[in-house]
Number of protein chains: 2
Amino acid sequence: MEPIRVLVVDDHDVVRKGIITYLLTEDDIDIVGEASSGNEGAKVAKDLSPDVILMDLMMENGTGIDATEKIMKDLPNAKIIILTSYYDDEKVFPALEAGAFSYMLKTSSAEEISTAIKKAAKGENVIEPKVAGAMMNRIRTPDRMPHELLTERELEVLICIGNGLTNNEISEKLFIGIKTVKTHVSNILSKLDVQDRTQAAVYAHRNGLMKETN
Amino acid sequence: MEPIRVLVVDDHDVVRKGIITYLLTEDDIDIVGEASSGNEGAKVAKDLSPDVILMDLMMENGTGIDATEKIMKDLPNAKIIILTSYYDDEKVFPALEAGAFSYMLKTSSAEEISTAIKKAAKGENVIEPKVAGAMMNRIRTPDRMPHELLTERELEVLICIGNGLTNNEISEKLFIGIKTVKTHVSNILSKLDVQDRTQAAVYAHRNGLMKETN
DNA sequence: TTTTTACTCAGACCACAGACGGAGAGCTTG
DNA sequence: CAAGCTCTCCGTCTGTGGTCTGAGTAAAAA
């Protein structure tokens, strides 16, 4: 049986080198390449077409989710294993929707990761307990995130609220009347099912909507 | 010259193994132990009294800052190098105050880390560019963080605001009158130099005051 | 073409938020 | 002891926030 061709994408040098060094001790795993950013990872993947890709989320240059999406377009058969530091509800499903095959945490042991790679090569996906729990929740409540119901304009207004702007300041910033702002705010509050702008701001922060500005 | 005795503390198995595997290739570095949590790290450090300790912040069981503090009590001569994933303003200075010797990011190359270890052993500390920048700011503006001016009670109220509670809800939760809550809120707003509770909530989230509840 | 959705704005209304001034009780510090 | 800080509470007043109802325009979907 041929060794599994693996690509490792992680912007943390030591982590990447470390994973690779470990995986090199595995006979049936072959490290064919490495990349230190999502963009680079997508390019390298296209060139090498590896069997399995170990992908970090949270990278500085091009997030792992974008990279996953790109790679899946080029190589629909690639098995991408997300390997990230902390469990983040907001990241899991975007990653899985982008085409990730497994979702592992770096708290996993080295053995678990190598078996995850081998299983991925066979087409078996590994589900972390925490991720499994979240998936159960998602299945139970297949709702969209409330803020996905917001229109573009409403999202703009919500970002402003998340930055602590008053209705007046928002109206000046977006060049619209205060009345209009109030309308938007009211709609936002009812769509997010919160009672006031402060809760809306909290919502925006908790759900990662402030990433651009924060 | 004797090899430098190094202890590696990181709750991510692959990361820890990876760092170790790499450092083993260095002749003048000797890995004497490893630990997968802050608490364990403190114990092991006491037993082994290593020269240099590579310490991850953000661990699930006992944060690296606490561990650093403990270790420095036991081994005032230990050089603790913080090695963490992401730069976090709120974590750097507590870590340095706790006695950390250097502050490195995992984006550093493996070479940088091994040289940091060697320099630490000699008594030279390595400062990441980002950390250096933050230190300059701290020196230029040796102000306390505004929220450090808050009293305990005010901080409690601020957390409530950060959770989107109204004055009424806060008064019920803390078993005090609404008037009292209003007084606290007013004081908080002026101390944080913000105009309304929404901005206060934003402040709380941006400055990591919601970590317990978030 | 008709219908729907998004964006805009208006007036009226009420409740809460927040500012300001004042005050008493308890606790620590000089 | 006196001074200072914290936490508590009161009354008053103004402005903003938010709801509700209603409505016009433009673009996209049916």
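Letters A, B, ... mirror the listed sequences (proteins, then strands); counts begin at 1. Just the heavy atoms: all of them, side chains too, but no hydrogens, waters or symmetry mates, feed the values below.
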Inset, instruction - Considering only NZ, NE, NH1 and NH2 on the basic side and carboxylate oxygens on the acidic side, decide whether B:K106 and B:D56 come within less than 4.0 Å. - result: yes
Legend entry - Over 12 foreign heavy atoms within 6.0 Å of NZ, B:K118: yes
Inset, instruction - Name the first nucleotide and the last nucleotide along DNA chain C (5' to 3') that come under 4.0 Å of a heavy atom in chain B. - result: C:dA17 to C:dA19
Legend entry - Summary of protein contacts for nucleotides 11-28 of chain D, nucleotide by nucleotide, where a base hit scores B, a sugar-phosphate-only hit scores S (4.0 Å, heavy atoms): B-----BBB---------
Inset, instruction - State the CZ-CD distance between A:R206 and A:Q199, to the nearest 0.5 angstrom. - result: 9.5 Å
Legend entry - From OG1 (B:T84) to CG (B:L54), nearest 0.5 Å: 12.0 Å
Legend entry - A:T115 (side chain) donor-acceptor with A:E112 (main chain) under 3.5 angstrom: yes
Inset, instruction - Calculate, to the nearest 0.5 Å, the distance between atoms NE2 and CD1 belonging to B:H12 and B:I19 respectively. - result: 10.0 Å
Inset, instruction - May I have all residue pairs that pass salt bridge (Lys or Arg N to Asp or Glu O under 4.0 Å) and include part of residues 154-172 of chain B, sequence neighbours excluded? - result: B:R153-B:E156, B:E154-B:K191
Inset, instruction - Answer yes or no: does atom NZ of A:K119 have more than 12 heavy-atom neighbours from other residues, nucleotides or ligands under 6.0 Å? - result: no
Inset, instruction - Would you give the length of the straight line joining atom CG of A:D51 to atom CG of A:N77, rounded to the nearest 0.5 angstrom? - result: 10.0 Å
Expected rows: protein N/O vs nucleotides 4-7 of chain D N/O, under 3.5 Å:
{"from": "D:dC7", "atom 1": "OP1", "to": "B:R153", "atom 2": "N", "distance (Å)": "3.1"}
{"from": "D:dC7", "atom 1": "OP2", "to": "B:T151", "atom 2": "OG1", "distance (Å)": "2.3"}

Inset, instruction - Could you pull out the closest heavy-atom pair between B:A200 and B:V194, with the gap in Å? - result: N-CG2, 4.0 Å
Legend entry - salt bridge (Lys or Arg N to Asp or Glu O under 4.0 Å) against B:K70, all qualifying residues, sequence neighbours excluded: none
Legend entry - Difference in axis direction between the ends of the helix from C:dT1-D:dA30 to C:dG30-D:dC1, five pairs, 10°: 50°
Inset, instruction - State the OG1-CD1 distance between A:T68 and A:I81, to the nearest 0.5 angstrom. - result: 11.5 Å
